[in-house]
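Just below is one structure, and these are the notes that go with it.
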Amino acid sequence: MLTKVKTAMLSGVEGYPVTVETDLHRGMPGFHIVGLADTTIKEACQRIKPAIMNCGYIFPNEKVTVNLVPASKPKEGSHFDLPIAIGIMMLGEEVPEMENTAFLGEVSLDGKLNEIRGALPLAIALRNSGIKNIVLPEGNAREVSILEDINILPAAHLKEVADYVRGNIRLDLYKRKETQRQIKRIRSDFAQVVGQESVKRAIVIGAAGNHGMLMMGGPGCGKTMMAKRIPGILPELSYEEKMEITGVYSVAGLLSSENPVIQDRPFRSPHHTITQTGLIGGGSRPRPGELSLAHRGVLFLDELGEFDSRVIDAMRQPVEDGIVRINRNLEEVIFPSRVMVVIAANPCKCGNLWDEKKVCTCSRKQIESHRRKLMGPFADRIDMHIKVNPVAKEELNEIRDSQKWEGTLSMRRKVQGARLFQQERYKGTGYGCNSELDEKGIKRFCQLGDEGQAMMVAAYERLGLSMRGYNKILKLARTIADLDSCDNIGSEHVAEALLYRIDLDY
């Protein structure tokens, strides 16, 4: 006797369809699961047998073998409980066709279905494989309801699912709720930032092209305050971006019943004591780190000089490629990491090096050590280097006049206009915004006139730029031209871009 039940597995944030084959034949009573199952799945033997019996069914007193197809891929997760249990309960019975239905869910000893991690990416994989109906725990229904072209059948108990499979009852389709996006009142407005108009201009450029930023200045000059306001000027998330981010948070187990779908761009600010695994991701069962949790949003590293150098160096490739690759013995797990990296740092250990009113207590050796940490290979991958000066005393007289300073709404309009300009240009090319351009894209979309080219050649030699730094200036110039709604990059755009790559002189 053999049954086949559809489900899915996760590798990183990508799902793959799986068929659970259950076979019953004579022999010593036993329950065996094969197909590269991890400990969580093998423990299902101890959960499923009492769950089936507590639902009033008889567990087969013969040899039960469960095979997870494809057998060559490692599998993990308690969501295999439900398809395995259904496969066993349907052995030897005539049941309706289940080719278009898949099952996901963790089973308690009393038969109750518990929420699972990664429900959305699992459901996406099943939908892409042709599945029309998904039976899952009630707690995951709202999260998966973001998919509009699949039937969601939530269930609370294993007995309900068994009766549904037998055709004795019908599970009600989940009714999708229209989520009314309310315009949030802006509490953290850039208008609250006194002065720093030149830095705000740089932030607009960074947000418009999704360029990374290194802001260096003394304590209290507003670096953290401005960084926390950057998500407010970024464009609204698209439908595809919401699915991507929600999938990452679902795998990480960070979704709540109040917010089962991520609606806003993430802002992640890890502490400087974070480990490499916590920042990049990984572990014995790979989970996304802060870099992936900030996908399509902002990753803010405050006080870069305090982070472990090895942790920072590990970010080089993921930031450049937009993905995190974690290699294990049998597989490669990939997490997305397309983020806007924003860094704040002091010019020295004590922070007073550039302050004319305070005395720097750092030795020359300490200053050089701090500088190497900030201006190393990782900083070369950050598009914009910005010096943040203290607020001028003349500006303090207007500290209560928030109308004087540019606010979030004005900055957001500029960013959205530039992003629309880029969307039209890159339609059908695979690029999303200017920071994603590779060498081929730069050659095609960042052509300069004679004057602009002469400026770049002179800057290359005078500033000692690497080719990476050279290309980043071209991409910055492209973004500045987009903010001016210009198809061609002018010499004035190149000149401004060069201001954001000059080495911060000590």
Side-chain angles (χ1 to χ4, degrees), residues 3-10 13-20 40-41 44 47-48 51-52 55 68 75-90 95-96 98-166 169-177 242-243 246-262:
T3 61
K4 294 184 179 182
V5 180
K6 302 288 186 181
T7 186
M9 57 165 278
L10 277 177
V13 293
E14 293 291 324
Y16 300 92
V18 172
T19 301
V20 177
T40 308
I41 302 174
R47 291 190 296 272
I48 290 172
I52 291 176
C55 289
L68 308 179
K75 303 167 190 72
E76 66 172 42
S78 58
H79 64 275
F80 282 95
D81 288 5
L82 182 57
I84 292 173
I86 292 299
I88 294 171
M89 296 170 79
M90 297 304 108
V95 296
M98 293 193 297
E99 277 297 314
N100 292 324
T101 303
F103 299 83
L104 304 168
E106 178 186 308
V107 178
S108 295
L109 297 184
D110 60 358
K112 180 185 174 184
L113 299 186
N114 300 324
E115 290 183 45
I116 60 172
R117 285 186 177 187
L120 180 58
L122 289 169
I124 292 173
L126 291 168
R127 179 199 63 180
N128 294 342
S129 68
I131 294 295
K132 303 298 181 186
N133 310 299
I134 296 181
V135 179
L136 42 59
E138 291 179 333
N140 292 113
R142 193 173 167 199
E143 170 192 339
V144 179
S145 67
I146 192 173
L147 300 178
E148 300 172 349
D149 50 356
I150 197 165
N151 297 323
I152 302 168
L153 304 170
H157 203 275
L158 175 60
K159 192 174 188 309
E160 284 183 56
V161 182
D163 290 339
Y164 163 74
V165 172
R166 287 189 172 92
I169 66 168
R170 294 183 62 183
L171 292 176
D172 294 330
L173 286 174
Y174 181 78
K175 294 181 180 178
R176 293 175 172 83
K177 297 174 183 177
K242 287 178 185 177
M243 286 202 296
T246 302
V248 173
Y249 276 69
S250 179
V251 171
L254 296 178
L255 294 179
S256 64
S257 56
E258 295 80 20
N259 298 301
V261 177
I262 303 298

_T40 side chain vs S78 backbone, donor-acceptor pair below 3.5 Å_ = no
*Answer yes if the side chains of T246 and E143 hold a donor-acceptor pair under 3.5 Å, and no otherwise.*
no
*Under 3.5 Å donor-acceptor, S129 side chain and L126 backbone*: yes
*For the atom pair CD (E160) and NZ (K112), what is the distance rounded to the nearest 0.5 Å?*
12.0 Å
*asked:* Could you report the tightest heavy-atom contact between V251 and P121, atom names first, then the distance?
replied: CG2-CG, 3.9 Å
*H79 side chain to F103 main-chain N or O, any donor-acceptor pair under 3.5 Å?*
no
*Side-chain donor or acceptor of S108 paired with backbone N/O of G111 under 3.5 Å*: no
*Under 3.5 Å donor-acceptor, S145 side chain and R142 backbone*: yes
*Out of V144, I134, V135, L82, which residue meets the side chain to side chain contact (heavy atoms under 4.5 Å, CB included) rule with L104?*
I134
*Any donor-acceptor N or O pair under 3.5 Å, side chains N133, N151*: yes
*Determine the minimum heavy-atom distance between V95 and M90, stating which atoms define it.*
CG1-SD, 3.4 Å
*Counting distance only, does the side-chain N/O of N140 pair as donor-acceptor with the main-chain N or O of L136 below 3.5 Å?*
no
*Atom pair OH/CE of Y164 and M98 - distance to nearest 0.5 Å*: 9.5 Å
